[in-house]
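Just so it is clear, the model here is predicted, and its values are computed rather than measured.
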Amino acid sequence: MRGDLLTPQDVDVLVVGGGINGAGVARDLAGRALSVLLVEQHDLASHTSSSSTKLIHGGLRYLEHYEFSLVRKALAEREVLLQSAPHIMRPLRFVMPHDPSMRPVWMIRAGLFLYDHLARREWLPGSHAIDLTRHPAGHALKPQFRRGFEYSDGWVDDARLVVLCAMHARQRGAHVLTRCRCERARWVNGRWRAELTRADGAVHSVTARALVNATGPWAAAFLQQQLDWPDRKALRLVKGSHIVVPKMFEHQHAYIFQNADGRIIFAIPYEGDFTLIGTTDVECHDDPGTARADAQEVSYLCEQASRYFARAIAPSDVRWSYSGVRPLLDDDQGDPSAVTRDYLLEMHDGDAPLLSVWGGKITTFRKLAEQAAQMVCERLSVRSVPWTAQAPLPGGDLSRWIETTRRPDHDISRFENALAARHPELPPALCRRWSRAYGSLVELLLRAGPLGHEVAPGLHEAELHYLCEHEWARDADDVLWRRSKLGLHLSDSDRNAVERWFAQREAQSTGSVRLSAI
């Protein structure tokens with residue numbers, strides 16, 4: 001939006017990093033009546049936060065590493081998050097086929113009992129054993145898998161979650177600047193003074209009472225290079241890669257597969273026509289921004305999934321792959337998969353209020369942000385109270401459309417029906433996609449009137465204008481791979497058409513600026 005182009009000169013808190021943790025912290029702080037500036041050098045969620053397995057989960061396998069506190073914290077967040085954004089999150093039932101050569105039945109039963117009872121569940125069903133010869137999930141598996149277990153977790157559109165947090169921060173008064181790099185910051189005369197550079201080369205100077213380092217895999221480098229701050233924490237960068245293949249099954253359950261190497265992988269229904277399989281755990285020694293799934297990782301995921309599926313998967317079946325680098329706290333574990341996924345918030349010593357976010361996972365982002373905001377407020381002597389546990393994210397409040405219940409999965413289905421009834425001109429596929437991407441934010445898309453030209457199948461100018469004006473979209477990748485996953489469904493020529501639309505928009509914008517300067 002136009003207001004985001006105005007860079008404030010002085011704020012209470014400067015948050016650097018536009019991933020899930022940075023957006024979450026900015027949202028929480030803005031809701032506590034602090035003036036906040038969030039800066040991200042690329043697009044929101046352009047790296048790790050759009051490259052997850054897209055799960056809201058406690059982390060069943062973490063129980064084997066005795067991470068009871070982390071699992072309890074994550075389990076407690078599942079229903080909180082599902083209630084806050086039913087349009088981009090949904091409950092998901094997982095099926096674990098039992099392989100007698102792996103973990104014994106008693107161990108799985110014990111783990112699932114803990115998983116069911118470590119945190120309170122209001123409406124997510126618990127776990128139970130299943131007969132795979134009768135269960136729909138058994139049809140896609142090899143015949144030797146005759147028994148298994150079923151339990152609950154959740155799915156999330158990770159990149160949209162980040163965008164919605166940033167939108168909520170803006171609604172609460174925060175400024176959000178994308179394509180804006182924090183070049184350096186120093187503590188001068190009782191305030192942080194930061195130099196910011198926009199993509200167009202414009203340089204701004206901003207002062208802030210406190211600074212939050214939420215730069216994810218770059219957290220240690222940011223302290224050393226941009227702040228000239230002595231770094232005492234060690235991050236272990238672990239690459240997680242995923243593959244997307246044509247759908248392997250017709251039902252809506254997900255699978256969790258146990259591998260011979262002691263790891264697990266997930267196979268999840270994805271975007272209607274596909275199955276998402278991941279993830280790997282590989283040490284990353286390169287720039288996290290250049291992470292890609294290599295041939296060895298792709299082969300590994302294909303081989304492990306093929307141990308279970310009746311129909312084998314080959315690398316040639318892969319339609320898309322992506323990688324993200326997890327910034328994990330180095331706890332001296334030899335196996336990358338055993339490194340803790342918990343987070344640490346460090347308020348650095350000295351006069352300068354500086355908070356660094358180390359580690360974390362998408363499921364616990366809200367709790368992390370709440371704790372971070374409390375620490376910053378205490379340091380700034382600001383009285384505040386937590387508020388996000390009961391706050392819906394933008395689009396998540398469906399009460400103007402339907403009578404809501406405590407079952408967000410039911411509510412979103414009823415909302416989709418209400419949208420279709422109120423706007424019969426919307427094609428059914430578009431109505432479904434908009435319902436589950438935007439929720440009640442569809443009011444903003446429809447406010448402008450007609451859908452406009454169909455730039456690519458299912459993608460109209462009205463939606464593109466909305467994404468540019470309200471969700472910080474600046475190019476085709478922002479729309480096709482982060483604000484949506486339409487890139488998976490479109491041909492090369494269709495994707496090129498979206499790129500041309502953005503190029504024309506940029507040319508028109510540049511021309512308008514030049515005319516206004518005459």
Student: Has Arg422 got its NZ or CZ under 6.0 Å from the middle of the six-membered ring of Trp401, at an angle within 45 degrees of the ring axis?
Tutor: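 Relative to the ring axis of Trp401, which defines the angle, Arg422 lies inside both limits.
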Student: Is it the case that His242 and Ser321 place a side-chain donor and acceptor less than 3.5 Å from each other?
Tutor: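 The criterion, which ignores hydrogens and geometry beyond distance, is not satisfied for Ser321 and His242.
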Student: Scan side-chain atoms only and decide if His423 and Glu425 contain a donor-acceptor pair under the 3.5 Å cut-off.
Tutor: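 The answer is yes; a qualifying pair exists.
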Student: Step through the shown structure and confirm whether more than 12 heavy atoms of other residues, nucleotides or ligands are within 6.0 Å of CZ on Arg147.
Tutor: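 Count not over threshold, so no.
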Student: Quick one: do the Thr388 and Arg366 side chains pair a donor with an acceptor below 3.5 Å?
Tutor: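 A pair is found: one side chain offers a donor N or O, the other an acceptor, under 3.5 Å apart.
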Student: Hydrogens and angles aside, do Tyr115 and Asp153 bring a side-chain donor and acceptor to less than 3.5 Å of each other?
Tutor: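 Side chains of Tyr115 and Asp153: pair found under 3.5 Å.
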Student: Please check if any side-chain donor atom of Ser52 sits under 3.5 Å from a side-chain acceptor atom of Asp158, or the reverse.
Tutor: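 Short answer, yes.
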Student: Cut-off 3.5 Å, side chains only: do Tyr300 and Asn259 have a donor facing an acceptor?
Tutor: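 Distance-only check passes for Tyr300 and Asn259.
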Student: Are there more than 12 heavy atoms of other residues, nucleotides or ligands under 6.0 Å from atom CD of Gln144?
Tutor: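 Yes, CD of Gln144 has more than 12 neighbouring heavy atoms, counting only those of other groups under 6.0 Å.
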Student: Salt bridge between Asp157 and Lys54, side-chain N to carboxylate O under 4.0 Å?
Tutor: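 The answer is no: the pair does not qualify as a salt bridge.
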Student: Is the shortest distance from a Lys or Arg side-chain nitrogen in Glu370 or Lys367 to a carboxylate oxygen in the other one below 4.0 Å?
Tutor: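 Answer for the salt bridge query: yes.
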Student: We want to know whether Glu40 and Trp472 form a side-chain donor-acceptor pair, criterion being a heavy-atom distance below 3.5 angstrom.
Tutor: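 Glu40 vs Trp472: no donor-acceptor pair found between side chains.
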Student: Cationic tip of Lys73 within the cone over Tyr343's six-membered ring, i.e. under 6.0 Å and within 45° of the normal?
Tutor: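 Yes, a cation-pi geometry holds between Lys73 and Tyr343.
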Student: Would you call the rings of Phe249 and Phe309 parallel, tilted or perpendicular if under 30° counts as parallel and over 60° as perpendicular?
Tutor: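 Rings of Phe249 and Phe309: parallel, as their planes differ by under 30°.
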